[in-house]
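Data first, discussion second: the structure below is written as structure tokens.
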Amino acid sequence: MAKITAGVGTSHVGALGVAMDNGLTGNDYWRPAFKGFEYSREWIASQRPDVVILVYNDHAAAFSLDIIPTFAIGCAEAFQPADEGWGRRPVPEVKGHSELAWHIAESAILDEFDMTIVNKLDVDHGLTVPMSLMFGQPKAWPCRVIPLAVNVVQFPPPTGNRCYELGKAIRRAVTSFDQDLNVMVWGTGGMSHQLQGQRAGLINSEFDNRFLDLLASDPETAARIPHLDYLREAGSEGIELVMWLVMRGALSRYAREIHRFYHVPASNTALGHLILEET
Ligand code: DHB
Ligand code: FE
């Protein structure tokens, strides 16, 4: 049977991808940010996941205000990096896992989570930057990826608790899939940041670190954080953190923290990263 072995949380700051694509990771500004992923790259090379369910949000690259799915699952065989206005990122195409994705869609929908099924999808920095952070710059990505897009762009996004419960439904789906697969679930986005308006540049390290603590050791409390708290405390884009709760919900209560990294600033945001491993 398929098994969920670990969860990864990470910011998906677009500028980190730009830094990698342009060979800037060794400069004074970026070196400290990438340092936090050195352990992670060694760890993931030893873990060799077959499939990553990558929870991210599309930033109006594949979707627009025309159609706004709350939860969308990518069931295609492959996904191209999106052109977000300055060409596609020079990263490999993302190979999907159609069979598992359809199984998750079926299981989750019959479990009363009404997923949108997407058979054609370009994936933006929300998905490709975490891939680059964790795997570096290989010629081909070393695992399959199932994109799971969450609307956190247009109000109302799903609640943290709904995201946490979706994670549990994903766990039920994966563990009932009849193939021996090492599956990881990643949650991306955050941490505190606001990219526009009077509070642009807002960073709240206290909130961020409390969120990381709760996610690791008291996820039920993290799942109850209301939208207004994210907005007030973590800025308008801090709401991306609800996607980390999908990842946490997909893990058991025995999952333990094996790596944490927090760095300010990365572009306009706080960069957060957490690895939780099943025991
Ligand atoms: C940036 C983009 C994001 O999507 C995000 O969540 C944080 C930062 C950026 O480009 O700076
Ligand atoms: Fe984002």
Side-chain angles (χ1 to χ4, degrees), residues 8-22 24-25 27 29-30 32-34 36-37 54-65 68-72 74 79 81-91 94 121-134 147-158 160 163 186-197 199-205 207-208 211-212 215 227 230-231 233-247 261-274:
V8 173
T10 178
S11 304
H12 59 217
V13 184
L16 289 163
V18 176
M20 289 190 69
D21 299 344
N22 292 284
L24 303 175
T25 57
N27 72 22
Y29 183 83
W30 288 115
F34 284 95
F37 292 86
L54 206 156
V55 185
Y56 79 110
N57 69 290
D58 176 78
H59 302 73
F63 303 126
S64 71
L65 293 181
I68 307 169
T70 300
F71 296 118
F79 309 91
D83 181 348
E84 298 180 61
W86 46 89
R88 296 177 193 273
R89 281 195 65 210
V91 292
V94 173
L121 177 68
D122 284 355
V123 287
D124 77 5
H125 71 271
L127 185 141
T128 63
V129 166
M131 291 295 286
S132 300
L133 289 172
M134 293 300 291
L148 202 162
V150 179
N151 166 43
V152 291
V153 168
Q154 172 61 50
F155 189 85
C163 290
W186 297 4
T188 80
M191 297 206 81
S192 56
H193 68 298
Q194 173 147 343
L195 300 178
Q196 86 266 261
R199 297 202 306 164
L202 174 145
I203 285 174
N204 183 344
S205 302
F207 177 92
D208 290 339
F211 184 84
L212 293 170
L215 204 73
H227 282 341
Y230 287 107
L231 189 66
E233 302 293 327
S236 52
E237 277 69 54
I239 191 65
E240 289 185 345
L241 285 171
V242 294
M243 295 183 289
W244 294 45
L245 285 161
V246 181
M247 173 272 280
F261 179 63
Y262 185 75
H263 174 77
V264 174
S267 182
N268 292 305
T269 84
L271 169 60
H273 175 39
L274 190 69

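Counting convention: from 1, in listed order, for ligands and their atoms alike. Index from 1, following the sequence.
- In this structure, F261 and H263 have parallel ring planes: the angle between them is below the 30° cut-off, well short of the 60° mark.
- Checked by atom type and distance alone, the side chain of N204 pairs as donor or acceptor with a backbone atom of E233 at under 3.5 Å.
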Between ligand 1 and the protein, tabulate every N or O atom pair separated by less than 3.5 Å, reporting distance only.
| unit_1 | atom_1 | unit_2 | atom_2 | d |
| --- | --- | --- | --- | --- |
| ligand 1 | 4 (O) | H12 | NE2 | 3.4 |
| ligand 1 | 4 (O) | H59 | NE2 | 2.8 |
| ligand 1 | 4 (O) | H125 | NE2 | 2.6 |
| ligand 1 | 6 (O) | H12 | NE2 | 3.1 |
| ligand 1 | 6 (O) | H193 | NE2 | 2.9 |
| ligand 1 | 6 (O) | E240 | OE1 | 2.8 |
| ligand 1 | 6 (O) | E240 | OE2 | 3.3 |
| ligand 1 | 11 (O) | S267 | OG | 2.8 |

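- In the model, Q196 has a side-chain atom that pairs as donor or acceptor with a side-chain atom of S236 under 3.5 Å.
- Between the side chains of N151 and T70, not a single donor N or O lies within less than 3.5 Å of an accepting N or O.
- Under 2.8 Å from the Fe ion (ligand 2), one finds the following protein N/O/S atoms: H12 NE2, H59 NE2, E240 OE2.
- In this model, a donor atom of one side chain and an acceptor atom of the other lie less than 3.5 Å apart for T188 and H12.
- Partner of F63 under the side chain to side chain contact (heavy atoms under 4.5 Å, CB included) criterion, out of N57, L121, V153: L121 alone.
- Here D122 pairs with R88 in a salt bridge; the nearest charged N to carboxylate O distance falls below 4.0 Å.
- A donor-acceptor pair shorter than 3.5 Å can be found between the side chains of H59 and D124.
- Between F37 and H273, the ring-plane angle classifies as parallel under the 30° and 60° cut-offs.
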